[in-house]
Amino acid sequence: MVAAGMRCHAVGLMCGMMVMVQGRITGKGAVKQQLFDEAYRPDDSRHFEVSASSTFKPDTSRQFDLAYADGTELKGFNAHDIVQLGNFHGLAPFGVITDCNSPDFNGVDGILGFGLPKPGFEGRQLPRPILWALTDKGVQDSNAQALTRKFSFFSTDSAAELQLGGYDPATCTDVMLYTPSLSSTDFIVGVTSLKYGHPSRSDHTELLKFKDPTGEEYLPAIMDSGTSCLVMPGDNMDGKLQNSPFDDFTELWDEDTSFWITIGGHTFEIPYHSWFLAETNQTCVQPSPDGMQGLLIGDVFFREYMVEFDMQDEARPIIGIAKLNKAYSPVTQNELGYYKLDQAPRAKLQLLKGEETMFSAEHSKKLDEVDQVPIFNKKGTQYFMDLAIGTPQQPFTVIFDTGSAVFGVFTVKSKLPSEIRQQLASSSSFKIRVDSMNTLMQWDQIHGKAVRDVELGQQGQAVSLALAGSSLSRGRTSSSVSGMSFAGGLLILALIANIMVGLAYVSRQRRGRAKSTYTEMLYSSNQYGSVPVTISAPQPV
């Protein structure tokens, strides 16, 4: 859980928690505070010594500059070496981090993202996610070739556990329910309902009041261990909702209450003790930043449910959820086991087009190898795990995060071999935004809908582009193209360019008047620590 005086453990994620006075909420809305109130202290971390590893292979042509919404930057370059993760090892890519400006990494040696590979340039510039790299066929010195490409994660108030290859059935009290991810780049489920109220009553209040509901509405939600709290819309999402869910919650807040979140037709309770921090008299519930199109489901959920992330189908990952067995004690050292696990009903899931349902696991005689790896849980807000890199092995303790795909450890730039320093100086790095919430910020656009703030304009732009594409395609199939048709095509292209310039201007103007912009985003799923934030009433845009 997030404690006062600590930063929320996702880079860029401000703890917009509600401070309680005599059992009541003092206010609502997020107050932005300065995150970097102290310097990054490199001496607090262990550093990878490249010259000490006989199997180290640098790739200095692929430098990166990872930029987070709060201003955090991690700079470095790609490399390959033998990575030991739990009981598995192999020659794998990772980031050698040479520069860091954020105190959120004080006392840790790096970051281990268990997210999905990114497409395009970002995916080519960053190291391939570690679980994918170790299970790729033909990996040198790898014993993970038979490991199923999936993992599970859960947390308790004092410990946590990562399970590679599947899950230990002893960690669950009921059958695993599966639903396909709504994204191939992030672990996203569709939430059709979020209710709040007293468990002993039946009059629970719906917080997601969709405008003109047809029964098919949903909001995308990222399943993210790198976010501490439950993050819900802080406004009506430009009319998509009839209400502001976070405002309704603050008005209804009471002790001993629960949330009920519906995913794929199944409802999961998040009880009071998971999201109310009695020790600090705070709630771990936050309003989303301006422009975010969905929810973040953080550690308040992982403390109640075992979540499985199945990545065997790269185009459509599968997410499984089962009630956590509270009597189960997380392992304290690596344990390799073999279990006859029920499997995700892939044939049924492949037919789904959206978030409409979840299916129970199907019986199977397949024996799965599962590696159970201890995760160190610091007050429920920070998750660390041990791994090793190099020959001989160099041990590191890194932050574990399902919301990102970045794997990297720190090194001392001045101690790099002169040849590597020269190569770095002669090549350039590329800045890449790695906020996992970037998908939710662009959700409507990605899924063919109008982007907030420029809805009518973008629809017009889409029509123009469609007309232009139709016109040009007809021209290509025609046996001859007249000068008039060519001129008409140029005119259409000019109109499109004009529309796009106008949209960009309108968007800049509106963003300038807004309460906060994307670069001032208060939340992200990659910060480790927390800042105590007193809630005040949100100001109108």
In Å and rounded to the nearest 0.5 Å, what is the [atom1] to [atom2] distance from [X] to [Y]?
{"X": "E314", "Y": "T185", "atom1": "CD", "atom2": "OG1", "value": "11.5 Å"}
{"X": "M311", "Y": "T148", "atom1": "CE", "atom2": "OG1", "value": "11.0 Å"}
{"X": "K326", "Y": "F154", "atom1": "NZ", "atom2": "CZ", "value": "11.0 Å"}
{"X": "L416", "Y": "T98", "atom1": "CG", "atom2": "OG1", "value": "7.5 Å"}
{"X": "F77", "Y": "F94", "atom1": "CZ", "atom2": "CZ", "value": "7.5 Å"}
{"X": "T156", "Y": "L324", "atom1": "OG1", "atom2": "CG", "value": "8.0 Å"}

Does any part of the side chain of [Y], heavy atoms only, come nearer than 4.5 Å to the side chain of [X], both counted from C-beta?
{"X": "L295", "Y": "V231", "result": "no"}
{"X": "D81", "Y": "F48", "result": "yes"}
{"X": "M306", "Y": "I321", "result": "no"}
{"X": "V398", "Y": "V108", "result": "no"}
{"X": "M385", "Y": "L162", "result": "yes"}
{"X": "R46", "Y": "P395", "result": "yes"}
{"X": "I389", "Y": "I82", "result": "no"}
{"X": "P271", "Y": "E304", "result": "yes"}

Quickly, which of F88, F114, Y167, W132 forms a ring pair (Phe, Tyr, Trp, His ring centres under 6.0 Å) with F151? Name it, please.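 The single option meeting the ring pair (Phe, Tyr, Trp, His ring centres under 6.0 Å) with F151 is F114.
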To check you understand the geometry: which heavy-atom pair defines the closest contact between [X] and [Y], and what is its length?
{"X": "Y178", "Y": "G320", "answer": "CD2-CA, 3.6 Å"}
{"X": "V191", "Y": "I297", "answer": "CG2-CD1, 4.3 Å"}
{"X": "P93", "Y": "A133", "answer": "CD-CB, 3.5 Å"}
{"X": "V139", "Y": "L91", "answer": "CG1-O, 3.2 Å"}
{"X": "A315", "Y": "S184", "answer": "O-CB, 3.3 Å"}
{"X": "G234", "Y": "F246", "answer": "CA-CB, 4.1 Å"}

Would you say the side-chain atoms of [X] and [Y] include a donor-acceptor pair closer than 3.5 Å?
{"X": "E161", "Y": "Q372", "answer": "yes"}
{"X": "S183", "Y": "S181", "answer": "no"}
{"X": "T173", "Y": "N325", "answer": "no"}
{"X": "D401", "Y": "S404", "answer": "yes"}
{"X": "N106", "Y": "D44", "answer": "no"}
{"X": "S152", "Y": "Q163", "answer": "no"}
{"X": "S155", "Y": "D299", "answer": "no"}
{"X": "R303", "Y": "S274", "answer": "no"}

Would you sort out whether F259 and F268 count as a ring pair (Phe, Tyr, Trp, His ring centres under 6.0 Å), showing the intermediate values? CA-CA 8 Å; F259 289 96; F268 305 92; over 10 Å; no
Donor-acceptor pair, side chain of [X] and main chain of [Y], under 3.5 angstrom:
{"X": "R62", "Y": "L126", "result": "yes"}
{"X": "Q293", "Y": "G291", "result": "yes"}
{"X": "N101", "Y": "E73", "result": "yes"}
{"X": "Q145", "Y": "L147", "result": "no"}
{"X": "Q286", "Y": "L230", "result": "no"}
{"X": "H47", "Y": "V409", "result": "no"}
{"X": "D59", "Y": "N78", "result": "no"}
{"X": "S53", "Y": "V50", "result": "no"}
{"X": "H89", "Y": "D141", "result": "yes"}
{"X": "S142", "Y": "A144", "result": "yes"}

Carefully, step by step, assess D386 and T397 under the rule side-chain hydrogen bond (donor to acceptor under 3.5 Å, both in side chains). CA-CA 5 Å; D386 292 333; T397 298; 2.7 Å; yes
Cation over ring face, K323 and Y305, 6.0 Å, 45°: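 Checked: cation-pi criterion met.
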[X]/[Y] ion pair, N-O < 4.0 Å:
{"X": "R149", "Y": "D310", "value": "no"}
{"X": "K150", "Y": "D313", "value": "no"}
{"X": "K118", "Y": "D186", "value": "yes"}

Working note: S51 + E49, criterion side-chain hydrogen bond (donor to acceptor under 3.5 Å, both in side chains); need CA distance, chi angles, decisive distance, verdict. CA-CA 6 Å; S51 299; E49 298 181 24; over 6 Å; no
Kindly assign one of parallel, tilted or perpendicular to the pair F187 and F309, based on the angle between their ring planes and the thresholds 30° and 60°.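 Geometry flag for F309 against F187: tilted rings.
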Does the plane of the ring in F153 sit parallel, tilted or perpendicular to the ring in Y383? Use 30° and 60° as the thresholds.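 The rings of F153 and Y383 stand perpendicular, inter-plane angle above 60°.
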Stepwise, does the side-chain contact (heavy atoms from CB on, under 4.5 Å) test hold for L164 with V373? CA-CA 8 Å; L164 302 175; V373 184; 4.3 Å; yes
Steps toward side-chain hydrogen bond (donor to acceptor under 3.5 Å, both in side chains) verdict (N87, D371): CA-CA 7 Å; N87 286 290; D371 189 15; 2.6 Å; yes
Can you list the steps and then say if I399 with F384 is a side-chain contact (heavy atoms from CB on, under 4.5 Å)? CA-CA 5 Å; I399 298 161; F384 306 104; 3.8 Å; yes
Any pair counted as side chain to side chain donor-acceptor pair (under 3.5 Å), so long as it reaches residues 408-417, sequence neighbours left out: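 Residue pairs passing side chain to side chain donor-acceptor pair (under 3.5 Å), neighbours aside: none found.
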Could you check S225 against F400 for side-chain contact (heavy atoms from CB on, under 4.5 Å), going step by step and ending with a plain yes or no? CA-CA 8 Å; S225 70; F400 173 78; 3.9 Å; yes
Would you sort out whether I222 and L296 count as a side-chain contact (heavy atoms from CB on, under 4.5 Å), showing the intermediate values? CA-CA 5 Å; I222 293 181; L296 290 179; 3.7 Å; yes
Could you go through the side-chain hydrogen bond (donor to acceptor under 3.5 Å, both in side chains) check for Q63 and S427 one step at a time? CA-CA 8 Å; Q63 295 188 57; S427 61; 2.5 Å; yes
is_close_aromatic(Y40, F410), centroid dist under 6.0 Å: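 Yes, they do, as the ring centres are separated by less than 6.0 Å.
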